[in-house]
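Just so we're clear, the structure is a prediction, and the values are computed from it rather than from any experiment. Along the sequence shown, residues are numbered consecutively beginning with 1.
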Amino acid sequence: MAPHYQATTLIASPSYPDAITWSSDNLVAVASGHIVTILNPAALDGPRGLVVLRPRDPFPIGVVSREDLFEPSLVPTSLARDTEPCARSVSWSQQGFAPNSGCLLAVCTVDGHVNLYRPPVSEFCDDWVKEKLNNKHTLDTGYAGELQEPLSLRGPGRRKRKPVRVEGYVYDDDDGDDTSKDADFSLNPCPTSTKIPMKKIDMPVHEMAVVIAQAGSQNTKEAFSYNGENKLLPLITAKQYSRRNALLSSLVVAWSPVLPSHNTISHWCILAVGSKSGDVSFWKIYKPGHYTVDVCTVTKDPIFVGVLQAHNSSVCAMSWEVSCSRSSKSSLLLATGCSDGSVKIWSGDIEGLNQCTDAKEVSFSSVAEVTTNSSAPVSSISLSTPAQPRREVNLAVGRVSGSLETCILDLCSNKVENSSECHAHDRVVTGLSWGLDGHCLYSCSQDNSARCWIFEKNQLEEVPVHTNFPELKESIDLSVVSHQCFGLTLGPGEVMIAVVRSLDPNMLDQMYQARTQKAVVEFIWIGGQFLGIPLNKDIYISNKQSAKSSETNFLWWGSNILWSLKNYEKCETGLVLWDVIAALQVLMKSAPAFLETLMHKWVTDLFSDDQQRVSIDALCQCRKDMMSNVSSRKLHLLNIICRKVMLRDPAGENGNSTSTDLWSSLLLSSERELRERLVAFTFAAVLNRKSYFLKGTCAENMWFPVGVAQMRSWVSMNSGGVHNQLRSLSSTIKRLGSRINSVCEYSAKETCAYCSAPVHFESPDIALCGSVDPTIVPTERHKLSRCAASMRLCSVLEPTWYCVCCGGMVDKLVPETYFTMKTSPLLNAADPDVELSLYSAPAVPRCPFCGILLQRLMPEFLLSVSPV
């Protein structure tokens, strides 16, 4: 029995809290010293991705005289000797923001810079690619972005502008040591009571840390000095340098959840950057207009929204959440923790942020401030919205002292209620993560402990974090030689956590291990323990199964897996269930009878509703109407479970002929239903575009269907088994005649890319060139792949999308609305206004039969994602 799934070592050790994060496309990033290591949990011994950090020049904000180096405000800077780069904070965006629809990685370094990185899809290398943004106001220099309007706009006492000066440099006329007189160098801190407009200042990126001040006498002369790039910089005081450096030095980054745009077509999110000065800057980033696996370019640059004056000292931790109260619409919540011990919760106006296209004002207001007896600095923070009730938000705060605080925010009254505190750890709390809709909380600390807490009746109750589970493959427990824990993160299916620990060099072999093994990442099972959700006692446990593990342990595994699969039925949840599939594969090997019982329970619930309960005998018949009445998401889940679990090894030692026939029948029926939906969706898009052309309405933003001729051939070949409405749509398409070329791509003739021989339609998956006449024996027939979405021949010259679940190839993406269908589109006619939104949605790289994220087929020596 093994409590952990697998472990792997790192060549560098983390140094800061929250050093590990799990992306929504199943990649794990670890901030380990001068590099950020990116792992695929499904192939820990395989290739890795890297973000190599290199030394950067300090912000060119000015120079101070040698006599001022020993001023109290400059002592930390003067005594600093650590010149090596180091990752301080890492954060993943949600799926869809990288050019290949993956996740962007934001990295904040100890020198205060923030950069965005994307997967090297077209570069074929290990190093992740730093985004080269077209906008001059980028994240590359910390807060270097939209800067504040001069003091002439602040009040009635306006100052005169000085004569023309050297372009791109700062002229500080205030020689005093009072930092309050250096107010012209700021980044528009916007308190909650007032919102100050901002103004763009266009200048090169490397000079944007310098801000033009508009105060002082015209006759005052400035002292200048040369920096390393032989550029003039102003002579400033120690306090001015300290204050400006704090404004520009970033400490922590955090991505918000995905939010819809006002036109519901494009989606966006907010990247928050906390600084040493206590400010939080916000950057709005849209999803790309289209996705590609060839030449990766970001089509939309980040938009600088503004700066919020959140605290009076360093912002150490941040956490986002979207929630809605009973009487209002959704709001974007941000929790911030400070080095002075204060914790605040802010509410962002989603409508205001949605309409924001420039740094005009910050649409955030203070909701509540958490007051506790502890003044210890905040080291980690986490927000969570429980499923019920919707008007509450759970907040957990970890501190340097090792204490753990929890409280509940009432969104109706904006009051913090039922706060509690416990001494959870002996040292700094380095990681917090809510799980299972706020039922449980995971924490870790530099005392090398990782703990699980059940949050019930506003109190924390500790339960063991380790879960006994049969090993899928032999692994080595490296936790016995670990020294400190620097973060934890929850898996996409919430049945596994990843913990990063530094290794004790005194416990390692000094010649072979201590040089290359600095830290370890552990993947620990958590699905077989009480986690606060109701226990499902409908799962039958035999004595033979309970001999390998306790009956309660199996019941909790079954209940937690069923809860996780139920959560994936929501379309807003990405289909990344690798940890759930891994757990089911372990059960298939160690307890096949229990797995069969569990999956029978799940599949009957999948097709049942409040009015009708479906039995396993009815599923054996695989009635067509049963498939047509369920959502596309449920069919995608069924296909994944069939391919990756129940039919993964049908002829193996655990195979059962009766069970194999059931799941094979379900898979064939489900894929047949999804193919009919795809063909009907395409035919309806053609007719919809035709009606818009007849009305003279522009259909430029509507999805352009392709492969219509091949789909009509498929309907003709299967005319006896398809839906009657689908045959009717095919006949309507045929009656369009030559007019069809103006509304879609219609080409029945296809040729082989290798020998130019004709290719006839024989199958929607593969094709063979040459004649279909059996009396003609071709000299060579090339086997070609067809697009799973359009049934056309895939290009052999350009890269195509690939599905790691079913192995299908896709070169024409399908709109996102196809994957959110509640029932078959053939059951009833759609409203014209609804149809417009269906076909105007952006095309997304998802498999039409599995629903998972498509990707480029990468060589085995390069990192790739494994959603399942």
Side-chain angles (χ1 to χ4, degrees), residues 568-572 575 603-614 618-642 665-688 703 705 707-708 710-733 764 788-791 806 808 813-841 843-844 846-852:
Y568 279 114
E569 295 178 14
K570 306 173 185 176
C571 292
E572 58 269 18
L575 267 182
V603 76
T604 53
D605 291 343
L606 193 70
F607 289 95
S608 301
D609 51 28
D610 297 336
Q611 288 78 24
Q612 183 180 7
R613 181 72 184 177
V614 178
L619 287 175
C620 293
Q621 302 175 6
C622 290
R623 300 196 314 268
K624 187 175 182 59
D625 60 331
M626 188 164 35
M627 294 288 178
S628 301
N629 288 313
V630 300
S631 65
S632 296
R633 170 55 68 93
K634 290 184 178 181
L635 296 179
H636 290 147
L637 271 176
L638 178 61
N639 286 358
I640 293 173
I641 295 297
C642 289
S665 178
L666 287 174
L667 177 62
L668 291 175
S669 300
S670 175
E671 290 194 344
R672 181 63 174 258
E673 172 64 25
L674 287 171
R675 195 179 298 277
E676 289 191 11
R677 293 188 184 190
L678 180 61
V679 174
F681 186 88
T682 305
F683 286 173
V686 174
L687 299 178
N688 194 268
W703 179 61
V708 180
Q710 287 72 25
M711 291 185 178
R712 286 198 61 249
S713 298
W714 179 82
V715 173
S716 300
M717 292 172 56
N718 301 272
S719 59
V722 298
H723 200 283
N724 295 332
Q725 184 66 20
L726 189 59
R727 292 198 299 269
S728 176
L729 285 174
S730 180
S731 301
T732 305
I733 295 292
S790 64
M791 301 188 192
C806 65
L813 303 182
V814 183
E816 188 175 14
T817 48
Y818 164 78
F819 301 93
T820 59
M821 291 183 179
K822 300 298 182 182
T823 57
S824 172
L826 298 172
L827 295 181
N828 44 38
D831 184 75
D833 295 333
V834 176
E835 287 186 347
L836 176 62
S837 62
L838 285 177
Y839 308 115
S840 299
V844 292
R846 297 184 192 172
C847 176
F849 297 103
C850 303
I852 66 172

Problem set entry | Residue list, ring-ring contact (aromatic ring centres under 6.0 Å, His included) with Phe819, at least two apart or on another chain | His636

Side chains of [X] and [Y]: does their closest heavy-atom pair fall under 4.5 Å?
X	Y	result
Ser719	Arg727	yes
Arg672	Val722	yes
Leu667	Asn639	yes
Val630	Leu606	no
Leu729	Leu826	yes
Ile733	Leu687	yes
Arg633	Leu575	yes

Interatomic distance, [X] atom [atom1] to [Y] atom [atom2] [nearest 0.5 angstrom]:
X	Y	atom1	atom2	answer
Arg677	Leu726	CZ	CG	12.5 Å
His723	Ser728	NE2	OG	11.0 Å
Met626	Ser669	CE	OG	8.0 Å
Lys822	Lys634	NZ	NZ	9.0 Å

Quick check: closest heavy atoms across [X] and [Y], and the distance to 0.1 Å?
X	Y	value
Cys847	Cys806	SG-SG, 3.6 Å
Ser730	Val715	CB-CG1, 4.1 Å
Leu678	Ala789	CD2-O, 3.3 Å
Ile852	Ile640	CG2-CD1, 3.6 Å
Met627	Leu635	SD-CD2, 3.7 Å
Pro764	Met791	CB-SD, 4.0 Å

Exercise. Can you check side chain to side chain donor-acceptor pair (under 3.5 Å) on Glu673 and Ser628, steps first, answer last?
Worked result: CA-CA 7 Å; Glu673 172 64 25; Ser628 301; 3.3 Å; yes

Exercise. Between Trp703 and Phe681, does the ring centre distance come in under 6.0 Å?
Worked result: yes

Problem set entry | Side-chain donor/acceptor of Ser670 to backbone N/O of Leu666, under 3.5 Å | no

Exercise. Taking Asn688 for the side chain and Ala684 for the main chain, is one N or O donor matched with an acceptor at less than 3.5 Å?
Worked result: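 Not a single qualifying donor-acceptor pair exists.
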
Exercise. So does Glu671 pair up with Arg675, basic N to acidic O under 4.0 Å?
Worked result: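 Salt bridge between Glu671 and Arg675, a charged N being under 4.0 Å from a carboxylate O: no.
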
For this session: Kindly indicate, with the supporting measurements, whether the criterion side-chain contact (heavy atoms from CB on, under 4.5 Å) is fulfilled by Phe683 and Arg712.
Result: CA-CA 9 Å; Phe683 286 173; Arg712 286 198 61 249; 3.8 Å; yes

For this session: Go through the steps for Leu813 and Tyr818 under the test side-chain contact (heavy atoms from CB on, under 4.5 Å), then give the verdict.
Result: CA-CA 11 Å; Leu813 303 182; Tyr818 164 78; over 6 Å; no

